[in-house]
Amino acid sequence: MDTFKERLAKAMRRMNITQAELCAMTGISRSTMSQYYSGAFRPKEDKLRRIAKALEVNEAWLLGYENPNSTAELVEKFPNIRPVHLKQFPILGEIACGKPIFAEEERGSFLMASDEIHADFCLLAHGDSMTGAKNL
């Protein structure tokens, strides 16, 4: 099993970045990063999270606990699986489609949906606007 310092070096090589660049990406000082890189210390949770995010790897993998190390590696291994990235959209209320109903305003609820959707909010639609439509 790889140690933290070995996996840190491996992830940095994969991303083709230097310690100085990783420091700039994470806001961690060069001296602290040097201690992590040499294996003198392991980062605490908050810094580990920043390093893992910058290197696009799993925190557990970085600590030496599991494989594979990244979403990209999983996608390569299983090309029919695509990562899902979600975004939170506020639900502003409900609207009627077809039969008129009282429109209710609702604050504080959210809907999770793909981050590929370009919207600032959402409305819940009730009913069928095509009821009674004639097919020609």
Can you name the side-chain contact (heavy atoms from CB on, under 4.5 Å) partners of [X], sequence neighbours left out?
| X | result |
| --- | --- |
| Phe89 | Lys87, Ala113, Ile117, Ala119, Cys122 |
| Ala60 | Asn58, Tyr65, Glu66 |
| Ser29 | Ser31, Thr32 |

- Item | Sequence-distant partners of Ser38, side chain to side chain donor-acceptor pair (under 3.5 Å), two or more places apart |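 For Ser38, no residue satisfies side chain to side chain donor-acceptor pair (under 3.5 Å) once neighbours in sequence are set aside.
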- Message: Among residues at least two apart in sequence or on other chains, which ones pass side chain to side chain donor-acceptor pair (under 3.5 Å) with Ser34?
- Response: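 Listed in chain order: nothing, the list is empty.
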- Examine distances only and state if a side-chain atom of Arg7 and a backbone atom of Trp61 form a donor-acceptor pair shorter than 3.5 Å.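 Pair found, side chain donor or acceptor close to backbone of Trp61.
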- Query: Would Met12 and Glu21 satisfy side-chain contact (heavy atoms from CB on, under 4.5 Å), going step by step from the backbone distance to the final call?
  - Reply: CA-CA 10 Å; Met12 288 173 63; Glu21 291 169 327; over 6 Å; no
Between atom [atom1] of [X] and atom [atom2] of [Y], what is the distance when rounded to the nearest 0.5 Å?
| X | Y | atom1 | atom2 | value |
| --- | --- | --- | --- | --- |
| Arg42 | Leu8 | CZ | CG | 12.0 Å |
| Tyr36 | Lys5 | OH | NZ | 16.0 Å |
| Ile28 | Gln35 | CD1 | CD | 11.5 Å |
| Asp115 | Leu86 | CG | CG | 7.5 Å |

- For atom CZ of Phe110, decide whether the heavy atoms of other residues, nucleotides or ligands shown that lie under 6.0 angstrom number more than 12.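 Atom CZ in Phe110 is crowded, with more than 12 foreign heavy atoms closer than 6.0 Å.
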- Grab the two heavy atoms, one from Ala11 and one from Val57, that are nearest each other, plus how far apart they are.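 For Ala11 versus Val57, the nearest heavy atoms are CB-CG1, 4.2 Å.
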- Message: How close do Arg14 and Glu56 get, counting heavy atoms only, and between which atoms?
- Response: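 Closest approach of Arg14 to Glu56, heavy atoms only: NH2-O, 3.5 Å.
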N/O donor-acceptor pairs under 3.5 Å from side chains in residues 45-55, not counting sequence neighbours:
residue : atom : partner : partner atom : Å
Glu45   : OE2  : Arg49   : NH2          : 2.6
Arg50   : NH1  : Thr26   : O            : 2.9

- Flag the pair Leu22 / Met15 as yes when at least one side-chain heavy-atom distance between them is below 4.5 Å, and no otherwise.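 A side-chain contact is absent here, since even the closest heavy-atom pair is not under 4.5 Å.
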